[in-house]
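The structure under discussion appears below in the form of structure tokens.
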Amino acid sequence: MRSLRARLLVFVLLAILATALLQAGLAWRAARAEADALFDYQMRQTAQSLRAGLPEGLATGMLPIPPQQQDFDFVLQIWTADGSLLLRSADRPELPPQAVLGFAEVGAHGTTYRVYSLMTGGLVIQVAQDMAVRRRMAGELALRTAAPVLWLAPLLMLAVGWLVRSTLAPVGRVRQQLAARHADDLTPVAEKDLPEELQPLVHEFNALLARLGQAFEVQQRFVADAAHELRSPLAALKLQVQGLRRATDDETRERSLQRLDSGIERATRLVSQLMALARQQARQAEAAPTQALDLVALARQAVSEAVPEAQARGQDLGLSGLDVAMVRGHADALTLLLRNLIENALKYTPEGGRIDVGVVRAAGSSEVVLTVEDSGPGIPEAERERVLDRFYRLPDAPSTGSGLGLAIAQSVAQLHGAALRLDASPALGGLRVRLTLPAA
């Protein structure tokens, strides 16, 4: 049973049924015991009344009870001490004269009798009752006692069923609200008049809807920005192809081919950066677990990959700082951040300039600081926040840039619960980018 309602109803109804049967059984036993005690009391009182009413000097002989005075529920007999019968109920079988004083059960004539014997003045008074009659009468009394319990059990089951249905009605209302929604409807579910047990679930669901709304908004904005940014390089490629078709000599054709190759490289780089940014945003939404990483090893690898380009530009690219710096993070994301920061520094640093990558940890600190600084023109203080936005470029920036390098780095920093800090490099005079991560 996967339904909570069905499971709750079945278990509660079974509990009610078991309780009713147990209570009916206990009531049956109690009624039987009370009936036995009542019948025993009646037999004892009958014997006592016979003892008080016997005439003195009663002679031996048969004194039958007239039919109009016979008690068909009891057998009455009076015996002398030597076993002679003085009196017995008419039309009743004779019981053995030997009996234990007080209560006893005696088998006679194919049945069992409950016998009470009382001795007085040399006579033995016996009052007996057929156990079959007693059980029948006790059973009727017990049934009358247990019947109300058995009758009330179905009524209680109906009441519990109605209560369970009415209690779980808010779940049905929430389900109806969700079933009536369109796929793009992310408005919160109404939490008013919901039970306390259901409110946390609906609250968390509304929080999930809010996060989905933010993710969809970011995705839509990203697609719109990407379409806008791709329009320009694609239009430029189309113009360059048209220029190549109109070329009349080899020199013009070669120049057009170089422009086309440069445009394709720029478009390829833009698409690659767009995909990298999309992956980082998706990873940030997934909240993937982190692992212990050596940040120095990642920085050393990123610097070694960028050294050939730096040498081609006549730039001095180096790494300084710790030998080992363990942090918690995502290896591919931090590698992407380092690559974009170094490429950004190489692009804006003039020929013969210097780029330093450092990994430091202050004494007694639980944080590791990654820095990338250059000797380029830097970024004005008023523009340092805006350059972290996607597709934003400084007015005097080279036309080959896409405005995504620092945006990707910022997305990686947000994935690690940190933020990029941009300021002026006190040592090189250009831009310094800092990222602070908790040490592992």
Kindly give the heavy-atom pair with the smallest separation between [X] and [Y], and that separation in Å.
X: Met43; Y: Tyr116; answer: CE-N, 3.7 Å
X: Val372; Y: Ala345; answer: CG1-CB, 4.4 Å
X: Arg384; Y: Ala424; answer: NH2-N, 3.7 Å
X: Phe103; Y: Asp40; answer: CZ-O, 3.4 Å
X: Pro350; Y: Ser375; answer: CD-O, 4.1 Å
X: Ala413; Y: Leu337; answer: N-CD1, 4.2 Å

N/O donor-acceptor pair under 3.5 Å between [X] side chain and [Y] backbone:
X: Asp294; Y: Ala325; answer: yes
X: Gln126; Y: Val115; answer: no
X: Ser166; Y: Leu163; answer: yes
X: Asn344; Y: Asn340; answer: no

Indicate yes or no: at least one non-hydrogen side-chain atom of [X] is less than 4.5 angstrom from one of [Y].
X: Arg361; Y: Val369; result: no
X: Val324; Y: Leu295; result: no
X: Leu370; Y: Arg434; result: no
X: Leu406; Y: Leu422; result: yes
X: Val307; Y: Gln311; result: yes
X: Asp356; Y: Leu428; result: yes
X: Ser256; Y: Arg245; result: no
X: Phe205; Y: Leu201; result: no

Show, in sequence, the C-alpha distance, side-chain angles and deciding distance for Val368 and Val359, and conclude whether the side chain to side chain contact (heavy atoms under 4.5 Å, CB included) test is met. CA-CA 7 Å; Val368 176; Val359 180; 3.6 Å; yes
Decide if atom [atom1] of [X] counts as having more than 12 heavy atoms of other residues, nucleotides or ligands within a radius under 6.0 Å.
X: Arg114; atom1: CZ; answer: yes
X: Gln242; atom1: CD; answer: yes
X: Glu367; atom1: CD; answer: yes

Kindly determine whether Asp423 and Leu431 satisfy side chain to side chain contact (heavy atoms under 4.5 Å, CB included), including the steps that lead there. CA-CA 6 Å; Asp423 57 7; Leu431 177 67; over 6 Å; no
[atom1]/[X] to [atom2]/[Y] distance, rounded to the nearest 0.5 angstrom?
X: Phe39; Y: Thr46; atom1: CZ; atom2: OG1; value: 12.0 Å
X: Thr349; Y: Ile355; atom1: OG1; atom2: CD1; value: 4.0 Å
X: Leu14; Y: Thr19; atom1: CG; atom2: OG1; value: 10.5 Å
X: Leu257; Y: Arg253; atom1: CG; atom2: CZ; value: 8.0 Å
X: Leu437; Y: Ser366; atom1: CG; atom2: OG; value: 11.5 Å
X: His182; Y: Thr187; atom1: NE2; atom2: OG1; value: 10.5 Å

Does the plane of the ring in His330 sit parallel, tilted or perpendicular to the ring in His416? Use 30° and 60° as the thresholds. perpendicular
Partner of Val357 under side-chain contact (heavy atoms from CB on, under 4.5 Å), chosen from Val303, Val296, Leu341: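 Of the listed options, the one satisfying the test is Val303.
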Salt bridge between Lys347 and Glu343, side-chain N to carboxylate O under 4.0 Å?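 Looking at Glu343 together with Lys347, the answer is no, because their closest N to O distance does not fall below 4.0 Å.
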Val433 and Thr371: CA distance, side-chain angles, deciding distance, side chain to side chain contact (heavy atoms under 4.5 Å, CB included) verdict: CA-CA 6 Å; Val433 182; Thr371 59; over 6 Å; no
Apply the test side chain to side chain contact (heavy atoms under 4.5 Å, CB included) to residues Leu334 and Leu293: give CA-CA distance (whole Å), side-chain angles for both, the deciding distance (0.1 Å), then the verdict. CA-CA 10 Å; Leu334 290 175; Leu293 303 170; 3.9 Å; yes
